[in-house]
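This report refers to the structure that appears directly beneath it.
To find a chain, count down the sequence lines: A is the first, B the second, and so on, and within it residues start at 1.
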Amino acid sequence: MNYWLMKSEPDEAAITDLARAGTLPWTGVRNYQARNLMRDAMRLGDGVLFYHSSCAEPGVAGLAEVCSAAYPDATQFDPASPYFDPKSKPDAPRWVHVDVRWRETTRLLSLKEMREAPELASMQVLQRGSRLSITPVTAAEWQAVLKRLHAA
DNA sequence: GCCAACGTTGGC
DNA sequence: GCCAACGTTGGC
């Protein structure tokens, strides 16, 4: 069992959208490191911290889980999509993604609170210059986040 | 394979 | 809108 933090812009997909849909394909990843994590390291049932980014209140907004293996991202072949990649060919898809399933909509654990929490200081998403949209989370960090989320 | 130029991310 | 940090591109 592994744990991850996955960033989503709430304008595109907020935790409320995931709660409504049940599951969502994690489309639009166009970074090789993040793709490789989905393709090579994620397993069914892995825990996901659903993080809202590029918004007024960035932070962890809920919990989800990986519910599919990696498969080709259809948006890469769609010229009308902002994620269209003309260099990617259907017989050799460049971009893949997993599906995630909603588990829980939590209170917002803000980026500010995360930065102020000593037990979360090791989280990759908090490191200087970290931009990766998908980052691994240790079991200890996962437990620490859950403890905070479920505290008063 | 180097690396300068350019593009993107994402908090502020 | 700014800008630091990092990724990608493409000429050589």
Side-chain angles (χ1 to χ4, degrees), chain A residues 2-21 23-42 46-66 68 70-100 102-138 140-142 144-149 151:
Chain A
N2 292 314
Y3 303 100
W4 310 95
L5 181 143
M6 299 176 78
K7 296 180 186 173
S8 180
E9 301 187 11
D11 285 351
E12 284 210 30
I15 188 69
T16 48
D17 297 314
L18 184 61
R20 193 176 311 119
T23 71
L24 285 175
W26 205 265
T27 55
V29 170
R30 296 294 180 267
N31 169 282
Y32 291 104
Q33 264 183 279
R35 179 204 66 181
N36 292 348
L37 288 173
M38 286 195 286
R39 188 189 61 189
D40 305 329
M42 282 190 177
D46 280 0
V48 172
L49 300 175
F50 192 105
Y51 181 94
H52 285 174
S53 73
S54 291
C55 58
E57 288 188 292
V60 173
L63 305 178
E65 67 184 43
V66 175
S68 83
Y71 63 100
D73 182 338
T75 62
Q76 70 195 307
F77 305 123
D78 177 4
S81 167
Y83 301 120
F84 178 59
D85 181 353
K87 293 179 186 169
S88 185
K89 301 302 169 199
D91 58 345
R94 180 177 295 194
W95 304 111
V96 298
H97 61 65
V98 299
D99 293 344
V100 301
W102 177 85
R103 263 194 207 167
E104 184 180 340
T105 300
T106 63
R107 76 176 179 91
L108 184 83
L109 173 58
S110 70
L111 177 59
K112 179 172 184 294
E113 182 179 346
M114 293 171 76
R115 289 201 185 284
E116 289 170 353
E119 76 277 18
L120 302 183
S122 62
M123 290 186 73
Q124 192 170 318
V125 72
L126 301 181
Q127 305 312 306
R128 181 181 176 81
S130 169
R131 296 188 312 174
L132 205 56
S133 64
I134 299 174
T135 50
V137 171
T138 68
E141 290 161 355
W142 173 267
V145 167
L146 259 60
K147 189 175 174 188
R148 274 194 174 263
L149 283 173

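- Within 4.0 Å of A:Gln33, counting heavy atoms only, lie sugar-phosphate atoms of the nucleic acid but no base atom.
- Chain A approaches DNA chain B over the interval B:dG7 to B:dC12, counting the first and last nucleotide 5' to 3' with an atom under 4.0 Å from its heavy atoms.
- Each salt bridge (Lys or Arg N to Asp or Glu O under 4.0 Å) pair with one or both residues in residues 76-88 of chain A, not counting sequence neighbours, appears once here: A:Asp85-A:Arg94.
- Using a 4.0 Å heavy-atom cutoff across all strands shown, A:Lys87 reaches sugar-phosphate atoms only and no base atom.
- A:Glu57 meets the salt bridge (charged side-chain N to carboxylate O under 4.0 Å, His left out) test with no other residue; sequence neighbours excluded.
- Under the rule for a ring-ring contact (aromatic ring centres under 6.0 Å, His included), A:Tyr51 has no partner lying at least two apart in sequence or in another chain.
- Among residues two or more places apart in sequence or in another chain, the side chain to side chain contact (heavy atoms under 4.5 Å, CB included) test is passed with A:Glu141 by A:Ser122, A:Met123, A:Val137, A:Thr138.
- Partners of A:Tyr71 according to the side chain to side chain contact (heavy atoms under 4.5 Å, CB included) rule, which considers only residues two or more places apart in sequence or in another chain, are A:Pro25, A:Ser68, A:His97, A:Asp99.
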